[in-house]
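Notes to accompany the following structure.
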Amino acid sequence: TKRVAVLISGRGSNMSALIAAAMDPSYPGRIVGVLSNRPDAKGLETAERYDIPAVAVDHKAYASREAHEAAVLEALERLNPDIICLAGYMRLLSPEFVRRFEGRMINIHPSLLPLFPGLDTHARALAAGMKLHGCTVHFVTERMDEGPIIAQAAIAVEADDTPDRLAERLLRAEHRLYPHALRLVLNGSVRMVNGRAVTASQTAGSNEDD
Ligand code: GAR
């Protein structure tokens, strides 16, 4: 079973969904550690309650972005992960960092990418008059929120939605999507090949994992 590390910055509800899913013995990975760039992230306490090693690498404690990232890298490599999941991790990662884990680092984003990369996705979907909203799990590449898509889920936008209501409903879809998408990557059903997400059926015959 593969080793999964999770990077967070706050609440960590997606991290919790991953931890819960991975507790099923038939799940093809286990969460071996959680890292946060914020020492006050609620998700750190949650991870500890599950007996998962959880550490803060406080970005404010480092003189530069580079120095912080080097410390994150060191803490991460100690966990020796096969796959890294960004779950509400709100720091940009350098191209070198991203390249080091190419095809092995995934992220969840609260929109139907390529629509609405960046922040305030719920308000922007409402302002655009979208009738559908959703979330995306994608491989992390050097261009933020632009990596190859592994899986998506959509929800209906309701007439009286506010950004908060929409975010809350979408979060429940995120909690179902992320464990599903991680499973696809862990068992080799989806891989990143030449900058694209390729499903096992597209590489039939070359996949021993299914
Ligand atoms: C989630 O909605 C996630 O999709 C979003 O932050 C939230 C984290 O919540 N991520 C991004 O906006 C990434 N740019 P959580 O800490 O409870 O999982």
Side-chain angles (χ1 to χ4, degrees), residues 4-23 31 33-50 52 54-59 65 69 72 83-95 97-98 101 105-128 130 132-155 157 161-185:
V4 177
V6 184
L7 264 58
I8 64 169
S9 294
R11 179 176 54 186
S13 70
N14 278 289
M15 170 209 77
S16 293
L18 295 174
I19 292 173
M23 276 165 48
I31 312 302
V34 173
L35 268 160
S36 170
N37 65 300
R38 297 181 55 122
D40 59 349
K42 267 193 61 193
L44 288 174
E45 293 164 34
T46 313
E48 277 162 8
R49 261 188 272 125
Y50 282 103
I52 291 171
V55 296
V57 182
D58 185 356
H59 62 272
R65 178 172 282 278
E69 196 182 83
V72 170
I83 300 287
I84 296 154
C85 290
L86 307 185
Y89 188 70
M90 303 308 269
R91 299 282 294 178
L92 285 178
L93 296 165
S94 72
F97 190 100
V98 168
F101 296 110
M105 182 157 59
I106 68 180
N107 178 48
I108 188 159
H109 180 79
S111 78
L112 289 171
L113 292 173
L115 291 173
F116 314 122
L119 300 175
D120 298 323
T121 56
H122 316 295
R124 287 158 62 208
L126 282 179
M130 295 288 292
L132 287 174
H133 188 39
C135 47
T136 303
V137 177
H138 62 93
F139 287 107
V140 177
T141 60
E142 290 173 38
R143 308 229 310 245
M144 187 182 67
D145 299 336
E146 278 191 30
I149 293 170
I150 298 160
Q152 292 182 305
I155 64 169
V157 176
D161 265 334
T162 60
D164 283 352
R165 281 195 45 167
L166 192 54
E168 192 186 306
R169 258 196 348 279
L170 184 62
L171 194 62
R172 281 182 252 139
E174 293 186 43
H175 296 165
R176 289 189 298 272
L177 182 71
Y178 211 171
H180 164 72
L182 173 61
R183 177 196 292 273
L184 295 178
V185 174

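Start at 1 and go down the list; that is how both ligands and their atoms are numbered. One is the number of the first residue; the rest follow in order along the sequence.
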Determine the minimum heavy-atom distance between L44 and P39, stating which atoms define it.
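Residues L44 and P39, closest heavy atoms: CD1-O, 3.6 Å.
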At their closest point, which heavy atom of A41 faces which heavy atom of G10, and how far apart are they?
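Scanning both residues, the minimum pair turns out to be CB-O, 3.5 Å.
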Using a threshold of 4.0 angstrom between heavy atoms of the protein and any atom of ligand 1, which residues qualify?
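Those residues closer than 4.0 Å to ligand 1 by some heavy atom are R11, G12, S13, N14, G88, M90, I108, H109, P110, L171, E174.
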Indicate every side-chain donor-acceptor pair of residues 110-123 with a distance under 3.5 Å to a residue at least two apart or in another chain.
from: S111; atom 1: OG; to: H109; atom 2: NE2; distance (Å): 3.3
from: S111; atom 1: OG; to: L115; atom 2: O; distance (Å): 2.6
from: S111; atom 1: OG; to: F116; atom 2: O; distance (Å): 3.1
from: T121; atom 1: OG1; to: P110; atom 2: O; distance (Å): 2.8
from: H122; atom 1: ND1; to: H133; atom 2: NE2; distance (Å): 2.9

Non-neighbouring partners of E48 that pass side chain to side chain donor-acceptor pair (under 3.5 Å), sequence neighbours left out:
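Counting only residues at least two positions away or on another chain, E48 forms no side chain to side chain donor-acceptor pair (under 3.5 Å).
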Test log, rule side-chain contact (heavy atoms from CB on, under 4.5 Å), inputs H59 and R65
CA-CA 7 Å; H59 62 272; R65 178 172 282 278; over 6 Å; no
Pairs where residues 4-16 contributes a residue and the test side chain to side chain donor-acceptor pair (under 3.5 Å) is met, not counting sequence neighbours:
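The answer is S9-N37, S13-H175, N14-E174.
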